[in-house]
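Remarks on the structure that follows.
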Amino acid sequence: MFSIVVHGGAGPKRDQESGDAARASCLAAAERGAAILSAGGSALDAVEAAARWLEDDPLFNAGLGAVLNADGEVELDASVMNGETLEAGAVAVVKTVKNPISLARLVMEKSPHVLLVGEGADAFARAQGVPAIAPGSLVTPLQRQRWLERTGATHGTIGAVAVDQRGQVAAATSTGGTAGKLKGRVGDSPLIGAGTVADSRWAAASSTGLGEFIIRVGLARAVLEGVRRGAALNLACEEAIAELKRIGGDGGLIAVTPSGGVGWAFCSERMAGAFVKSTGERGTFFD
Ligand code: ASP
């Protein structure tokens with residue numbers, strides 16, 4: 001038994017064409033993770049592989065194609081959590097790394113810390129042998145144009161949650177944050193409990209939407225707490241989103257349980273995503 005769910009961000013509706021492309025890419029990412037899980041690989045490896053796929057796709061606001069901050073720069077946030085050990089790693093305000101999700105994993109595995117930010121995170125990447133990308137190389141013409149026109153209301157953060165054949169769960173989240181954000185702003189995505197959570201006793205979850213609200217309700221952990229209290233996964237997801245909505249937030253989340261259950265909920269106009277289960281069930285969701 002295994003399951004994986006990925007999301008490509010909650011937010012305003014995309015047009016039909018880019019919505020279809022986002023869904024297809026989410027399914028491809030989920031299939032990539034599922035191939036690892038089906039070969040007996042770990043949930044952690046699966047969510048990292050799925051997240052890297054989506055970071056590399058310029059359709060999403062993570063890695064290549066991330067939104068620009070107020071100064072016209074890319075500043076990336078990401079986090080990962082291993083539900084087997086409750087170890088976690090995260091980076092924020094990173095500028096020189098192509099795949100911040102893998103840097104977050106290095107923080108988890110090769111440092112005594114959970115969260116590194118800014119220059120320190122970029123320096124840690126170099127110390128770990130992660131090549132520096134040229135400044136500006138993650139900036140796509142579309143995001144540059146949106147920045148020039150100040151029309152960047154896009155979401156498109158990415159995330160993945162999985163349970164492996166051993167019943168262990170993991171979660172990963174990666175983003176460029178919100179368009180036009182102040183330099184140095186950190187959202188929910190690199191914060192354990194807000195953007196990402198995994199505990200193999202209960203669930204794993206990844207959030208998307210306006211981080212300023214998600215942080216305040218601890219959105220990912222709210223799902224885990226719902227499951228811990230005995231709620232069915234989809235109810236736990238809905239209740240967490242209801243709380244986000246109650247304080248005026250906008251967003252969504254995906255989740256899995258150690259027994260292979262998959263769930264998602266959102267209160268924004270749409271949330272792109274996909275899932276694959278060992279039973280052969282697979283599909284996409286858009287809105
Ligand atoms: N949660 C992300 C942030 O606030 C943005 C998003 O999910 O669209 O940084």
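Whatever order the structure lists ligands and atoms in, that order sets their numbers, starting from 1.
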Residues [X], [Y]: salt bridge by 4.0 Å N-O rule:
X: Glu75; Y: Arg185; value: no
X: Asp56; Y: Lys98; value: yes
X: Glu84; Y: Arg166; value: yes

(message) Between ligand 1 and Ile214, is the shortest N or O to N or O distance under 3.5 Å?
(response)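 In this structure, Ile214 places no N or O atom under 3.5 Å from an N or O of ligand 1.
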
(request) Indicate yes or no: does an N/O atom of Thr157 lie under 3.5 Å from an N/O atom of ligand 1? (result)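 Min N/O separation from ligand 1 is below 3.5 Å for Thr157.
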
(request) Look only at the side chain of His7 and the backbone of Gly9, and say whether a donor-acceptor pair between them is shorter than 3.5 Å. (result)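 Checking the backbone N and O of Gly9 against the side chain of His7, a donor-acceptor pair under 3.5 Å is found.
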
(message) Keeping Asn69 on the side-chain end and Glu73 on the backbone end, is there a donor-acceptor pair under 3.5 Å?
(response)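 Indeed, once roles are kept as given, a pair shorter than 3.5 Å links the two residues.
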
(message) Other residues, nucleotides and ligands only: do more than 12 of their heavy atoms fall within 6.0 Å of CZ on Arg23?
(response)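 Yes, CZ of Arg23 has more than 12 neighbouring heavy atoms, counting only those of other groups under 6.0 Å.
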
(request) Provide the number and element of each atom of ligand 1 under 4.0 Å from a heavy atom of Gly177. (result)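 Close to Gly177: 9 (O).
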
(request) Check ligand 1 against Ser189 and write out every atom of the ligand that is under 4.0 Å from a heavy-atom position of the residue. (result)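 Heavy-atom distances to Ser189 below 4.0 Å select 1 (N), 2 (C).
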
(request) With atom 1 (N) of ligand 1 as the reference point, say which of Leu76, Leu210, Asp188, Thr208 has the nearest heavy atom. (result)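 Nearest option to atom 1 (N) of ligand 1, by heavy atoms: Asp188.
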
(request) Determine whether the side chain, the backbone, both or neither of His7 has a heavy atom under 4.0 Å from any heavy atom of ligand 1. (result)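 For His7, no heavy atom sits under 4.0 Å from ligand 1.
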
(message) Tell me whether ligand 1 is touched by Gly9 - counting only heavy atoms on the residue side and a distance under 4.0 Å.
(response)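 In this structure, Gly9 fails to qualify as a contact of ligand 1 - no heavy atom is under 4.0 Å.
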
(message) With a cutoff of 4.0 Å, is Glu212 in contact with ligand 1, counting heavy atoms of the residue only?
(response)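 Under 4.0 Å: no for Glu212.
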
